[in-house]
2 protein chains.
Amino acid sequence: MKARKYHHGDLKNALLRAGIDILEEEGLPGLSLRAIAAKAGVSHAAPRNHFDGLNGLLAAIAAEGYRRHKAYMQEGITPESSRPEQLAAAMHGYVRFARENPALFALMFSPVRGTLRDPDLTAAARESYAVLKGIAERIDWDKASGPDAALRTEMMLWSFVHGYAHLYASQEAGTARCGGIAPPDVATVIPGFSYID
Amino acid sequence: MKARKYHHGDLKNALLRAGIDILEEEGLPGLSLRAIAAKAGVSHAAPRNHFDGLNGLLAAIAAEGYRRHKAYMQEGITPESSRPEQLAAAMHGYVRFARENPALFALMFSPVRGTLRDPDLTAAARESYAVLKGIAERIDWDKASGPDAALRTEMMLWSFVHGYAHLYASQEAGTARCGGIAPPDVATVIPGFSYID
DNA sequence: CCGAGTTGTTTCCACTGTCTACATTCTGCT
DNA sequence: AGCAGAATGTAGACAGTGGAAACAACTCGG
């Protein structure tokens, strides 16, 4: 770590961190290319050398968000965890991530500034989705039978937990929509599944 | 409809229609104050007389979206409809709205340009939510018991259908997340409810 | 008929993202 | 070692944005 270098050395990650910091502090509206560059102590055109414009930078931040999202879901899951424990941990992690990182969650699942297209982003999203998918594969849900039963269970699971997280994440908007009542804990609303193993 | 008046006469509604048109044609990114004003044939500062800046206009558009959303859910429901028919119609309407108006759906449920605060908007959102809530009240769901059973069922219902609509609305992003498989029909994934009446 | 309020225009400002030309540093080849 | 060229960062210009203020045109009640 030299005192002052013309070349930053690790500007790419510095920009990512600066972006996430601003996201947490000021939310989505404050997330401008110039603000991020300034926070990283660099001129406003410098990010161009590492990302494809603002959209590229936002996509990279969203990808990092998906990695943390996945980590939240996996937290508390050990090899000894039973299936119901795994499911509960993943769903709680999903919702907890949305609550603790509302702006990041919004960036990840919102059509902000056009569609973010980035191979790394879609890969990270797929990996986070795979956590739920992996758990859903071993679930036997009463109404799900036939060839695409696994897909339907997985869809059901994702839809529910995502809708719930969305509702829970934006507390003020959510409670306004729900008539001012705080939503109950996710585990108490979870559908009745049974497990294959 | 006089040929040309200095005063538009119905600029407020003209701006709303212009905004929704642009939303359908170009999506959220194209929805700028100046573009809307231009489409309504008026200078970019004119909307200020009818809305509280861009956010106010977006809030009004979102409120109109919630009214249409409600209409979608109520479509096909007659006084003779059975409860299961009502539930299926409302959920299909919810998803159909998201599919046929993806940009409007995104505006309604996304934290676009800061939080939209408007009494008319929250009222319209509440009314659309009330459709599902009204149906949920008569549902008996096996895992829902106790004092807040109705609330939990209602949350469960809203969470699921919203998450599903969100997943289904943005087809490309959705299928990317699901591993390239198109999600199945909402009615085949719907949880097993029984009805009180 | 006229003054006040409403509605729309014009002009300016700060800010944004992107582009181009240029400066500096690093890397690899001879 | 030395030097060409790539990589990285800077400076400035540009078109676009939303907002604010001063001004103009129209409407309407006394």
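Reminder, nothing fancy here: chain letters follow the sequence lines and each chain counts from 1. The structure presented is a predicted model; accordingly, all values stated were derived computationally and were not measured.
If you measure from atom CD1 of B:Ile36 to atom C1' of D:dG18, you get 12 Å, rounded to the nearest angstrom. Between the CZ atom of B:Phe51 and the P atom of D:dA20 there is a distance of 17 Å, rounded to whole Å. B:His50 places its NE2 atom 14 Å from the C1' atom of C:dG5, with the value rounded to the nearest Å. Look at CG on A:Leu33: it is 9 Å from C1' on C:dT18, rounded to the nearest Å. With rounding to whole Å, A:Leu31 atom CG is found 17 Å from C:dC15 atom P. Atom CG in B:Asn49 sits roughly 5 Å away from atom C1' in C:dT7 (whole-Å rounding). Rounded to whole Å, the distance from CG on B:Asp10 to P on C:dT6 is 18 Å. Remark: C1' of C:dG8 and CZ of B:Arg34 are 15 Å apart, rounded to the nearest angstrom.
Proximity note for A:Ser32 (side chain, C-beta onward) versus C:dT16, C:dG8, D:dG18: the nearest is C:dT16. Ranking C:dT10, C:dG17, D:dG9 by closeness to the A:Leu11 side chain, first place goes to D:dG9.
Residue B:Ala136 comes nearest to B:Glu154 through the heavy atom pair CB-CA, 3.8 Å, listed as atom of the first residue, atom of the second, then distance. Smallest separation of non-hydrogen atoms from A:Ile22 and A:Gly30: CG2-O, 3.5 Å.
Considering A:Asp10, A:Ile36, A:Ile20 as possible partners of A:Leu15, the one that fulfils the side chain to side chain contact (heavy atoms under 4.5 Å, CB included) test is A:Ile36. Of the residues listed (A:Lys70, A:His69, A:Arg68), the one engaging A:Ser128 in a side chain to side chain donor-acceptor pair (under 3.5 Å) is A:His69, and it is the only one.
Residues B:Leu167 and A:His162 fail the side-chain proximity criterion, which asks for heavy atoms closer than 4.5 Å.
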Under 3.5 Å, which donor-acceptor pairs link side chains of residues 100-107 of chain B to any protein atom two or more places apart or in another chain?
| from | atom 1 | to | atom 2 | distance (Å) |
| --- | --- | --- | --- | --- |
| B:Glu100 | OE1 | B:Tyr72 | OH | 2.8 |
| B:Asn101 | ND2 | B:Tyr72 | OH | 3.4 |
| B:Asn101 | ND2 | B:Phe97 | O | 3.1 |

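Contacts of residues 37-44 of chain A with DNA chain D (heavy atom under 4.0 Å): A:Val42, A:Ser43, A:His44.
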